[in-house]
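Read through the structure below, which is laid out as structure tokens, and then see the notes.
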Number of protein chains: 4
Amino acid sequence: MSVHEDAGERRARAGRPRDPRLDEAVVAATLQLLAEEGYAQLTVERIAARAGVGKASLYRRWPDRVSIVLEAVSRNPERPSAPDTGSLRGDALTYLRTLVCYRSLHFDAISAISGEALSDERFGDAFRAGMTEPTIAGLRVILERAVERGELPAGTDVALLSSVPPALLLAQRLVAGRHPDEAFAERIVDQFFSPAGELPAPDPVDPDESELP
Amino acid sequence: MSVHEDAGERRARAGRPRDPRLDEAVVAATLQLLAEEGYAQLTVERIAARAGVGKASLYRRWPDRVSIVLEAVSRNPERPSAPDTGSLRGDALTYLRTLVCYRSLHFDAISAISGEALSDERFGDAFRAGMTEPTIAGLRVILERAVERGELPAGTDVALLSSVPPALLLAQRLVAGRHPDEAFAERIVDQFFSPAGELPAPDPVDPDESELP
Amino acid sequence: MSVHEDAGERRARAGRPRDPRLDEAVVAATLQLLAEEGYAQLTVERIAARAGVGKASLYRRWPDRVSIVLEAVSRNPERPSAPDTGSLRGDALTYLRTLVCYRSLHFDAISAISGEALSDERFGDAFRAGMTEPTIAGLRVILERAVERGELPAGTDVALLSSVPPALLLAQRLVAGRHPDEAFAERIVDQFFSPAGELPAPDPVDPDESELP
Amino acid sequence: MSVHEDAGERRARAGRPRDPRLDEAVVAATLQLLAEEGYAQLTVERIAARAGVGKASLYRRWPDRVSIVLEAVSRNPERPSAPDTGSLRGDALTYLRTLVCYRSLHFDAISAISGEALSDERFGDAFRAGMTEPTIAGLRVILERAVERGELPAGTDVALLSSVPPALLLAQRLVAGRHPDEAFAERIVDQFFSPAGELPAPDPVDPDESELP
DNA sequence: GTCTAACCGAGACGGTACGTCCTGTCTTAGT
DNA sequence: ACTAAGACAGGACGTACCGTCTCGGTTAGAC
């Protein structure tokens, strides 16, 4: 390390360092509360209490309540991979099955702030970064492979089609009030990610009576 | 004083009647504030101020803040009809074009409460009643006609397919941050409501660079 | 009142008027807490709790904690009168006896803020207005009568002499830790407000062992 | 290692010894802040900042904030002596003139905690030890000499009379807002420490317009 | 000359009070 | 009986300080 070490860096090391476990505890508590009671009921004091942390430790890390929430819902490093199974149907099924088994806590938390994306740009960014972008990116790869293989026609609107599953999963959660399951993932695959002629036999379950909106 | 007169009614008629214009002003103010600043920023005092009304007049009509919001977002009797143009593509195009020209204020207001549907049953009901159900009902009719006509295979998941447009419209609004337009409606129709073989020429706009999520 | 009535005044009458009992409750609670636990331990939340009042009602009336305290200790409308008994000794005895029987709560409260008078002009003003000025004013009258009568020499430093009792009462409270009583008042009168030659027989109590500082 | 050596002492000597200059810096900073801004505004962090010291160094030396203040105001070993000039007037004048030239910083600091003496025994002790007792002790000697000389009558309330100057000096500081000066000391001597018949000519300054309370 | 234990500044930690703002209720005066 | 205005108790906001703790680094005395 250079002897001309930056004074700011040296200074940054002075004093007791922040406990990184608190970051985790706060993020976890925020996601729990968001998922359990919604954004409107979320208070800083309850986050602090749930995390077993003082309010000052929150405000040392984030400037306000909104920033805490944004960090919590944006922390989504895991993204399902898009393995090449050889067919569109296989790829999509693998991918969406993994997705619906995804951490439902994070899914609910980010759904709880969806409405705020309308009025606050930062929520929009967090929503995209935590929810739609990682989901869509994988689907896009799968769909492009399918177009190359000829399973889908060249004119297929890949961008639109790849946005359907996250939109349906969100709507399913908001409208039906329960977490999308593997059966729902399969239903999506059957309808939208199966090349024509490969449609399976009609679902024995009467779709009109399903809980779909 | 007639003894035949119902005491309850007489009592209800006694004194100065409520000014019905205040109801409208409150509902309008609530929808504006919801659309502009989101549910989290919505306060009773700001509703009252925007409507030019005293807080007591709000609490005389509704028991609490949630009820005000629910009434405001539920006031949406208008539902686009589903005229029979003779083809799935024509029906869907007519229907969705009408839908995207829908009152955007109401659309935004109801989107703003979508996240609360997760944690509060009443918001879920209002969201369904105001957003998804009226939209889906029309589409269902259209799709069932298309199945009868043979434009869609018998195994088509009508319930799932009819839920795609509202889900995409909501996601488009939340993710792209702007109102869906007629072009977006056409894109949906092209991809999902055109019988195989009737797909139009590929869209000159590169879909990868569109603002779709 | 003028017909050109000030709009501000008219406006001041709109809405629910403030409950004057709350003012009293707050002042009483503040004086109690000041006297019981001192200024350093005095918190707004404890004042509010003791008075059975919301914090907002405090901040509606006063801008901050200091102002609440200042109002409480400045509320001292009662001032002992200075009746003319015909002699300096009689006047002073009557006056000081009344004084030591004075509301000890208020006496303690104002003593508790004495130190703040050093650093904050407002506390100095409140201290003067609530403690020294009303006490001294009466003594001054008594002393001036005594000079006229010839009971005190013409060169008597009336201002200095009239400031002795409040100073001694304060010091007695702070140093001895108990309220000055009638015996203490009599001791002051004997020493400072009895014309030469009228001194009573030496006090049987050994003054060296008294609790005087 | 000698077995005779006290383990506690050895332990006490181990490691780096405390820097005694920090003690001084802290005491000085505390007295300054007390005098400048009062006890209520005194915070440990401001003491540390003013002294250029870390908070831990304070809490290594004293258990809490109160203890710091008590040590600071108790560090006052100097006490004016009471030289025998041969007359009450001369003794008192010498003594009180010295007193008013006293370190005004310490005088203010200890005055600032006077109010806390009411509610906290430790402050009462410190106040007595630092303010009234050393002052009164000297005056008592002077007054007892005067009684022996016959300058004061045998019935004189020495305890009461000796408590007058510190009480007046404190009151003068708190009420008038400025430090007592030599003129004030002389005024006290003229009124209370001059044998009858030895009163000087009336003060040319109109006492009614003086700043005395 | 190490070794080592207590020192030092800095600052994070849980907790409490500040003064502000909003909720849902209430109490005025006026329509 | 309605209206606007606004006071009321209660509670969350974001800030500042308390007394404790933990970090990297310093400094005397013991070995």
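Quick note on labels: first sequence line is chain A, next is B, and so on, each numbered from 1.
- In this structure, A/L42 atom CG and F/dC13 atom C1' are separated by 13 Å, rounded to whole Å.
- A straight line from CG of C/L58 to C1' of F/dA7 spans 13 Å, rounded to a whole angstrom.
- Phosphate contact (OP1/OP2 of E/dC8, side-chain N/O of D/R60, threshold under 4.0 Å): present.
- Nearest-nucleotide positions on DNA chain E for B/D64 and A/P20 put A/P20 closer to the 5' end.
- Between the side chain of A/R16 and the base of F/dC21, a donor-acceptor pair under 3.5 Å is found.
- Nearest-nucleotide positions on DNA chain E place C/R46 closer to the 5' end than the other of B/R46 and C/R46.
- Atom-to-atom, CG of C/D23 to P of F/dA7 comes out at 12 Å; the value is rounded to the nearest Å.
- Dashed line: the shortest gap from a side-chain N or O of C/Y59 to OP1 or OP2 of E/dT20 is not under 4.0 Å.
- Rounded to a whole Å, the CG atom of A/L22 is 12 Å from the P atom of E/dG15.
- Proximity of A/R61 to the phosphate of E/dG11: no side-chain N or O atom is located under 4.0 Å from OP1 or OP2.
- The existence of a salt bridge linking A/E37 and A/R46 is confirmed by a sub-4.0 Å separation between a basic side-chain nitrogen and an acidic carboxylate oxygen.
- For A/Y39 and B/Y39, the ring centers sit 6.0 Å or farther from each other.
- Each of A/V66 and C/G54 was matched to the nucleotide of DNA chain F holding its nearest heavy atom; the match closer to the 5' end belongs to C/G54.
- Counting non-hydrogen atoms under 4.0 angstrom, D/A56 reaches a base of the nucleic acid.
- Atom CZ of C/R65 and atom C1' of E/dT16 are 13 Å apart (whole Å).
- Whole-Å rounding puts the B/I47 CD1 to E/dG24 P distance at 10 Å.
- Set against F/dC8, E/dA12, F/dC13, the side chain of A/V44 has F/dC13 as its closest nucleotide.
- Between the CD atom of C/Q41 and the C1' atom of F/dC17 there is a distance of 15 Å, given to the nearest Å.
- Between C/R18 and A/E45, the residue whose closest nucleotide on DNA chain F is further toward the 5' end is C/R18.
- In this structure, CZ of B/R21 is placed 16 Å from P of F/dC2, rounded to the nearest angstrom.
- Using a 4.0 Å cut-off between a side-chain N of Lys or Arg and a carboxylate O of Asp or Glu, D/R65 and D/E45 do not qualify as a salt bridge.
- Looking at A/S111 and A/D108, their side chains never bring a donor and an acceptor atom within 3.5 Å of each other.
- Residues D/R50 and D/E36 are paired through a salt bridge, judged by an N-O separation under 4.0 Å between the basic side chain and the carboxylate.
- Phosphate proximity of F/dC8 to C/S57: present, with a side-chain N or O under 4.0 Å from OP1 or OP2.
- In this model, no side-chain donor or acceptor of A/K55 finds a partner on the base of E/dG15 within 3.5 Å.
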